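Order of the sequence lines fixes the chain letters, A, B, ..., with proteins taken first and strands second; residue numbering starts at 1 for each chain. Only heavy atoms go into these numbers, but all of them, side chains included; no hydrogens, no water, no symmetry mates. These numbers were taken from a predicted model, which means no experiment stands behind them.
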Number of protein chains: 2
Amino acid sequence: MKSTNKPTKSELEILSVLWEKGEATVREVFEVINSQKGTSYTTVLKLMQIMHEKGLVERNEDARAHVYRAKVKQNETGKQMLNEVMDKVFGGSALKLVQQVLENETTSAEEMSEIRKMIEQAEREAKGK
Amino acid sequence: MKSTNKPTKSELEILSVLWEKGEATVREVFEVINSQKGTSYTTVLKLMQIMHEKGLVERNEDARAHVYRAKVKQNETGKQMLNEVMDKVFGGSALKLVQQVLENETTSAEEMSEIRKMIEQAEREAKGK
DNA sequence: ATGCTACTACGAAAGTTTTCGTAGTGTCAA
DNA sequence: TTGACACTACGAAAACTTTCGTAGTAGCAT
């Protein structure tokens, strides 16, 4: 029954680093976060300890500097967050949501073509069933 | 200078109702929120007052029961939130984000086909330039 | 051994968001 | 005109999140 623990904003920043690196010590995470927004080492440490308690991350304590890994999956978290945005902002419509992504200037033509291929693939699979 | 004020979670729930209804009194918003998660009338009222101060909503005070409207745009808010999810969860990749949406069981075949059409359209437009 | 450095643990303040009670007031029916 | 009711305003507590200082300790160079 342990429902998925939703990460806070700061926790998400940390998870983001862990997803990217696979695993990292507090120091390594701190370097990234600090360069992004400036914070103190113990703040990051404390957050990671809290996340450990909550089960968002796991850690290996063999070495003096513990090595952390995300315990929650990137796509699970993403799915949840997207569902929330879809519900609250786009009235439950995946279409509207994707539309908004595509209207974003940051989405390149190349990416769009990749996305189209993916959709065609998905449609073929759906038909196959 | 006044950058877009980011709504909190509760504020977003209220905006969601306002976007859907176009305009509504506190009572009307309360009915929706209360049925979704149970809360007291004055909590919703207070939140809407705060949102008014922040400029997230506007209101018409002619009638005794003020009539509220969202002042922030649905798609502006959505864009911001999606950018955040894209950065923090999908490493900045629109492709991965859309992929996740499509893998969601709640996305129907019909919606997918709509999405594909939209992408083709977008690609044609991009080529035209 | 001594001191220096990098680390964990943790308490508690500060900051933010949410909740709700109480007070005051206009409207309307009896 | 009185009382019941629906509404706004607002203060302040409660809950949650973020920040950081201080204390303690292991490892290592001198």
- request: Just jot down the salt bridge (Lys or Arg N to Asp or Glu O under 4.0 Å) partners of B:Glu28, sequence neighbours excluded, or say none.
  value: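 None.
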- request: Under the salt bridge (Lys or Arg N to Asp or Glu O under 4.0 Å) rule, collect the residues that match up with A:Glu103, sequence neighbours excluded.
  value: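 For A:Glu103 there are no salt bridge (Lys or Arg N to Asp or Glu O under 4.0 Å) partners, ignoring immediate neighbours.
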For [X] and [N], what is the distance between atoms [atom1] and [atom2] respectively, to the nearest whole Å?
X: A:Phe30; N: C:dT8; atom1: CZ; atom2: P; answer: 13 Å
X: B:Met48; N: C:dT17; atom1: CE; atom2: P; answer: 18 Å
X: A:Met51; N: C:dT8; atom1: CE; atom2: P; answer: 15 Å

Taking distance alone, no hydrogens or angles, what donor-acceptor pairs closer than 3.5 Å link side-chain atoms of residues 36-46 of chain B to residues at least two apart or in another chain?
residue : atom : partner : partner atom : Å
B:Lys37 : NZ   : B:Glu13 : OE1          : 3.3
B:Ser40 : OG   : B:Thr43 : OG1          : 3.1

query: Could you write nucleotides 8-20 of chain D as a row of B, S and -, 5' to 3', where a protein heavy atom under 4.0 Å of any base atom gives B, of only sugar-phosphate atoms gives S, and otherwise -?
result: BBBBB----SSBB
task: If a pair satisfies side-chain hydrogen bond (donor to acceptor under 3.5 Å, both in side chains) and one of its residues is in residues 55-66 of chain B, list it, with sequence neighbours excluded.
output: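 Residue pairs passing side-chain hydrogen bond (donor to acceptor under 3.5 Å, both in side chains), neighbours aside: B:Arg59-B:Glu61, B:Arg59-B:Tyr68.
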message: Enumerate the salt bridge (charged side-chain N to carboxylate O under 4.0 Å, His left out) contacts for residues 15-25 of chain B, please, sequence neighbours excluded, ordered by first and then second residue.
response: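 Passing the test, one end in residues 15-25 of chain B: B:Glu23-B:Arg69.
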